[in-house]
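Throughout, numbering of the chain's residues begins at 1 and tracks the sequence.
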Amino acid sequence: MTATQALYDMTALMSRMGNCWDNLHTEIFFIRLKKMRGHGTNCAMRAGAQAHLFYFIEVFYNWSRRHSALGYGSPVRLLEDWIYKHACQ
């Protein structure tokens with residue numbers, strides 16, 4: 001654990017360099033992106049593709065997605081709880 005991680009009470013998401021699980025979270029993100037937005041979806045314009053990605057990340061992934069690693073809460077809820085916890089100290 002680095003000094004910065006200890007200062008902010010954070011845990012590293014990646015294991016040691018060269019471990020095959022280093023990119024697990026990234027892989028899961030892209031699998032969900034493909035499933036939710038339709039793998040092979042063709043957009044006529046670059047702006048259409050950007051709109052699809054924006055919707056997936058900002059509307060679904062950051063606000064409404066729930067998962068067990070966060071106590072079945074959303075990433076935004078976890079951040080709000082963390083800010084509240086550290087603001088009260």
Side-chain angles (χ1 to χ4, degrees):
M1 177 178 281
T2 67
T4 304
Q5 289 171 335
L7 177 68
Y8 292 103
D9 190 28
M10 297 177 135
T11 305
L13 291 176
M14 292 178 20
S15 59
R16 69 185 179 280
M17 196 165 102
N19 188 327
C20 64
W21 300 107
D22 280 352
N23 65 353
L24 175 67
H25 299 286
T26 304
E27 294 294 331
I28 291 170
F29 170 82
F30 283 107
I31 288 169
R32 289 183 185 202
L33 173 64
K34 288 177 181 179
K35 286 182 180 179
M36 293 295 296
R37 301 309 301 162
H39 182 61
T41 300
N42 292 322
C43 297
M45 305 291 275
R46 182 181 181 129
Q50 288 174 331
H52 280 281
L53 285 173
F54 179 84
Y55 175 84
F56 177 76
I57 294 169
E58 293 298 328
V59 177
F60 172 73
Y61 203 79
N62 286 344
W63 289 93
S64 59
R65 178 182 59 99
R66 311 272 188 249
H67 63 90
S68 61
L70 301 178
Y72 294 97
S74 70
V76 169
R77 181 63 187 189
L78 179 73
L79 177 61
E80 290 170 350
D81 291 346
W82 185 88
I83 291 169
Y84 178 77
K85 175 185 168 188
H86 287 82
C88 293
Q89 291 180 351

Check side chain to side chain contact (heavy atoms under 4.5 Å, CB included) between I57 and all other residues, then give those that pass, not counting sequence neighbours.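 Side chain to side chain contact (heavy atoms under 4.5 Å, CB included) list for I57, sorted by chain: F29, N62.
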Results of side chain to side chain contact (heavy atoms under 4.5 Å, CB included) for I28 - residues two or more places apart only: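 Result, side chain to side chain contact (heavy atoms under 4.5 Å, CB included) vs I28: L24, R32.
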Between R77 and D81, is there a side-chain N and carboxylate O pair less than 4.0 Å apart?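 Answer for the salt bridge query: yes.
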If two hydrophobic side chains count as joined below 4.5 Å and joins carry through other members, does V76 share a cluster with F54?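 Not linked; separate clusters.
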Membership question, hydrophobic clusters at under 4.5 Å side-chain separation (ILVMFWY): are W82 and Y72 in the same one?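 Different clusters: Y72 never reaches W82 through Ile, Leu, Val, Met, Phe, Trp or Tyr contacts under 4.5 Å.
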